Amino acid sequence: RLSLQQTASIDENGAYTGVPAGGNGSADLAFSLAKGKNGQWRIAATPDGIVLDAQSFAAERVFAPYPLQYFDPTWTYLVPDVRWFPRRENTASRIVQSLVNGKPSAWLTNGVRTAFTGDVALARNAVTQDSQVAEVALTDAALSADPNTLARMRTQLERSLIGLGVLQVKLTVGQRDLNAGAAPAASTTVDSRPLVLTDKGFGFLSGGAVAAIPGVTTELASFPKPIVAISAASGAQRIAVQAADGVVYAVADGKVDEMDGRPGLIRPALDPFGFIWTVPERSPQSLIAWSTSVVPRPIAGPQDAAQISAIAMSRDGSRLAMAVTAGGQSRVEVAAVTRDDRGAPTAIGPQSVIAVPPGVVSGLAWLDDTTVGALTSDGSSTILLEQPVGGP
């Protein structure tokens, strides 16, 4: 037996699972030995897989992260699902195989859609790459796929392979080019201008001046209560405001609507479909997503948590990050958001723990499509923890 302290594991699909801090990461690997005719011992059987030291893995000399791209339930945004594959010449083939023949990570399944539903398969596992163009050969079932489906297939593949220098994917059946188009995908790029509330007003800060946002800036200037928190999505045409008394409001189109007045609410979150998410600190299970028409949609939050200190919605609206306390331990979790075809949330999926910070998290933010930032403290100083989703 080989005993070791395990930091993480990667399964056959390339999905990364870390061992929580404070958890028992010890592992035992059993080897079978046999004595040959000459009396020498030899290894006769070994466990599947390899053992790699954490330092080499972190240096990305052997494995590297590759985000597989799926669509959100409305086919509006692309949602990354990070996988780790060996750095080899056939990495492009491995990515395509995982996307066409595989499934999203278990925790993300209910929050994404894919154009590859099982009817269409790879005609050959190898991907032919010529400069920046990759050819993906599909089975005859692709001939009956409608143009929208083919365009989504191509877009998922292109965006999944872009890290390998691929700029175009050509879908073929029996060497015949299917002439697939490209599906539109809304951008999740962050506006480079800070969004601020100052004594000069609310808006985007540019060149020392605050650029007003129609339907929002004027309303905040005359807001009747002190403001302690503001959450905004792309463009900030609709914002969630929390007053000093804890009540959450929606401000958009020149109107101010009171949303939630439950006691003990934490800072709200706003998703790209206009839903404002609220939850009391001492009742993590009592999430509510408020529609633009001020209709509450109760969402069952994390059932094992005793406290929740912060939430943040990804810019594609498919993943909710939460800072919770469970069993006396602080942790940062992500969960997939299940939505209908119009983007209305109906549930969140099982939580996946991505980090165990040293103290209670006071703020969360998505720094990019695959990284969550958590503001925490070790008791003496403030720490910004940058944690990739699906990586160390």
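In this text the structure is predicted, and so the values were computed from the model without any measurement.
Each of Val196, Leu195, Val251 was scored for a side-chain contact (heavy atoms from CB on, under 4.5 Å) with Phe202, with one residue passing: Leu195.
In this structure, Glu89 does not pair ionically with Arg94, as no charged nitrogen and carboxylate oxygen lie closer than 4.0 Å. A salt bridge does not link Arg152 with Asp146: every distance from a Lys NZ or Arg NE/NH1/NH2 to an Asp or Glu carboxylate oxygen is 4.0 Å or more. A salt bridge between Asp72 and Arg339 is absent, with no side-chain N of the basic residue lying under 4.0 Å from a carboxylate O of the acidic one.
Note: the hydrophobic cluster containing Leu99 also contains Val389 (ILVMFWY, side chain heavy atoms under 4.5 Å, direct or indirect links). In terms of hydrophobic clustering, with Ile, Leu, Val, Met, Phe, Trp and Tyr side chains grouped at heavy-atom distances under 4.5 Å, Val332 and Val324 are assigned to different clusters. In the hydrophobic clustering of ILVMFWY residues, with side-chain heavy atoms under 4.5 Å counting as a link, Val361 and Met322 come out apart. By the criterion of side-chain heavy atoms lying less than 4.5 angstrom apart, applied directly or through intervening Ile, Leu, Val, Met, Phe, Trp or Tyr residues, Phe275 is not grouped with Val295; the two fall into different hydrophobic clusters. Linking Ile, Leu, Val, Met, Phe, Trp and Tyr whenever their side-chain heavy atoms come within less than 4.5 Å leaves Leu375 and Val372 in two separate clusters.
Under the ring-ring contact (aromatic ring centres under 6.0 Å, His included) criterion, Phe85 pairs with no residue, sequence neighbours left out. Judged as a side-chain hydrogen bond (donor to acceptor under 3.5 Å, both in side chains), and not counting sequence neighbours, the contacts of Glu158 are Arg154. Partners of Phe223 according to the ring-ring contact (aromatic ring centres under 6.0 Å, His included) rule, which considers only residues two or more places apart in sequence or in another chain, are Tyr249. Residues passing the side chain to side chain contact (heavy atoms under 4.5 Å, CB included) test with Arg1, sequence neighbours excluded: Asp28, Ala30.
Counting heavy atoms from C-beta on, the side chains of Val279 and Leu265 never come closer than 4.5 Å. At a threshold of 4.5 Å between non-hydrogen side-chain atoms, the residues Pro268 and Trp277 do not count as touching. Side chains of Leu143 and Arg176 form a contact here, defined as non-hydrogen atoms less than 4.5 Å apart.
When atom types are taken as modelled, the side chain of Arg267 and the backbone of Ile230 share a donor-acceptor pair closer than 3.5 angstrom. Formation of a donor-acceptor pair under 3.5 Å by the Gln285 side chain with backbone atoms of Gly301 is not found in this model. Checking side-chain atoms of Gln237 against main-chain N and O of Asp253 turns up no donor-acceptor pair under 3.5 Å. Looking at Ser105, its side chain never comes within 3.5 Å of a backbone N or O of Trp107 through a donor-acceptor pair. With Ser56 contributing its side chain and Val62 its backbone, the two residues share no donor-acceptor pair below 3.5 Å. The main-chain N or O of Thr382 is never found under 3.5 Å from a side-chain atom of Ser377 such that the two would form a donor-acceptor pair. Without hydrogens or angle criteria, Ser93 side chain to Val127 main chain gives a donor-acceptor distance under 3.5 Å. Thr139 places no side-chain N or O within 3.5 Å of a backbone atom of Val120 that could act as its donor or acceptor partner. Formation of a donor-acceptor pair under 3.5 Å by the Thr217 side chain with backbone atoms of Ile213 is found in this model.
Looking at Asp378 and Ser380, their side chains do bring a donor and an acceptor atom within 3.5 Å of each other. In this structure, a donor-acceptor pair under 3.5 Å is present between the side chains of Thr188 and Asp369. Counted by atom type alone, Thr114 and Gln156 present one or more donor-acceptor pairs between their side chains at under 3.5 Å. For the 3.5 Å distance criterion, the side chains of Gln69 and Ser160 fail to qualify, holding no donor opposite an acceptor. In the model, Thr338 has no side-chain atom that pairs as donor or acceptor with a side-chain atom of Asn110 under 3.5 Å.
For the pair Arg297 and Trp290, the NZ or CZ position fails the cation-pi test of under 6.0 Å to the six-membered ring centre and within 45 degrees of the ring normal. Taking the centre and axis of the six-membered ring of Phe71, the NZ or CZ atom of Arg113 falls outside the cone set by 45° and 6.0 Å.
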Note to self: Does Arg262 form a side chain to side chain contact (heavy atoms under 4.5 Å, CB included) with Ser286? I'd like the steps, not just the answer.
What the structure shows: CA-CA 10 Å; Arg262 290 178 293 171; Ser286 303; 3.5 Å; yes
Item checked: Residue pair Gln55, Asp53: steps toward the side-chain hydrogen bond (donor to acceptor under 3.5 Å, both in side chains) verdict -> CA-CA 6 Å; Gln55 186 174 2; Asp53 69 274; over 6 Å; no
Next item on the list: With salt bridge (Lys or Arg N to Asp or Glu O under 4.0 Å) as the test, would you mind laying out the steps for Arg193 and Asp191 before giving the verdict?
Entry: CA-CA 5 Å; Arg193 299 172 299 171; Asp191 194 311; 3.0 Å; yes
Notebook entry, point to check: When you look at Val79 and Asp81, which way does the side chain to side chain contact (heavy atoms under 4.5 Å, CB included) test go after all the steps?
Noted result: CA-CA 7 Å; Val79 184; Asp81 185 8; over 6 Å; no
Item checked: Intermediate values then yes/no, side-chain hydrogen bond (donor to acceptor under 3.5 Å, both in side chains), Gln168 and Gln132 -> CA-CA 6 Å; Gln168 181 181 351; Gln132 297 175 329; over 6 Å; no
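Heavy-atom neighbours of Asp48 CG from other residues, nucleotides or ligands within 6.0 Å: at or below the threshold of 12. No more than 12 heavy-atom neighbours from other residues, nucleotides or ligands sit within 6.0 angstrom of CD1 on Ile43. More than 12 non-hydrogen atoms from other residues, nucleotides or ligands lie less than 6.0 angstrom from CD of Gln303. Within a 6.0 Å radius of NZ in Lys200, no more than 12 heavy atoms belonging to other residues, nucleotides or ligands are found.
When all heavy atoms are compared, the tightest approach of Arg331 to Pro357 is CA-CD, 3.7 Å. Closest heavy-atom contact between Ala44 and Ala34: CB-CB, 4.0 Å. For the pair Thr325 and Ser330, the tightest heavy-atom approach, listed with the atom from each and the gap, is OG1-OG, 3.9 Å. When all heavy atoms of Trp84 and Gly390 are compared, the closest pair comes out as NE1-O, 2.7 Å. The two residues Gly391 and Gln387 have their closest heavy-atom pair at O-NE2, 3.1 Å.
Here Thr7 contributes atom OG1 and Tyr16 contributes atom OH; the two are 7.0 Å apart, rounded to the nearest 0.5 Å. Note that CD1 of Ile95 is 4.5 Å distant from CG of Leu164, once rounded to the nearest 0.5 Å. The structure places CG of Leu52 at 7.0 Å from CZ of Phe63, a figure rounded to the nearest 0.5 Å. Residue Ser234 holds its OG atom at 12.5 Å from CG of Asp271, rounded to the nearest 0.5 Å. The CZ atom of Arg83 sits 5.5 Å away from atom CG of Asn13, with the distance rounded to the nearest 0.5 Å. Atom OG of Ser231 is separated from atom CZ of Arg238 by 12.0 Å, given to the nearest 0.5 angstrom.
In this structure, Tyr77 and Phe273 have perpendicular ring planes: the angle between them is above 60°, well past the 30° mark.
For residues 308-318, the side chain to side chain donor-acceptor pair (under 3.5 Å) pairs, not counting sequence neighbours, are Ser314-Asp316, Asp316-Arg319.
Ile162 shares a hydrophobic cluster with no other residue; no ILVMFWY side chain has heavy atoms under 4.5 Å from its own.
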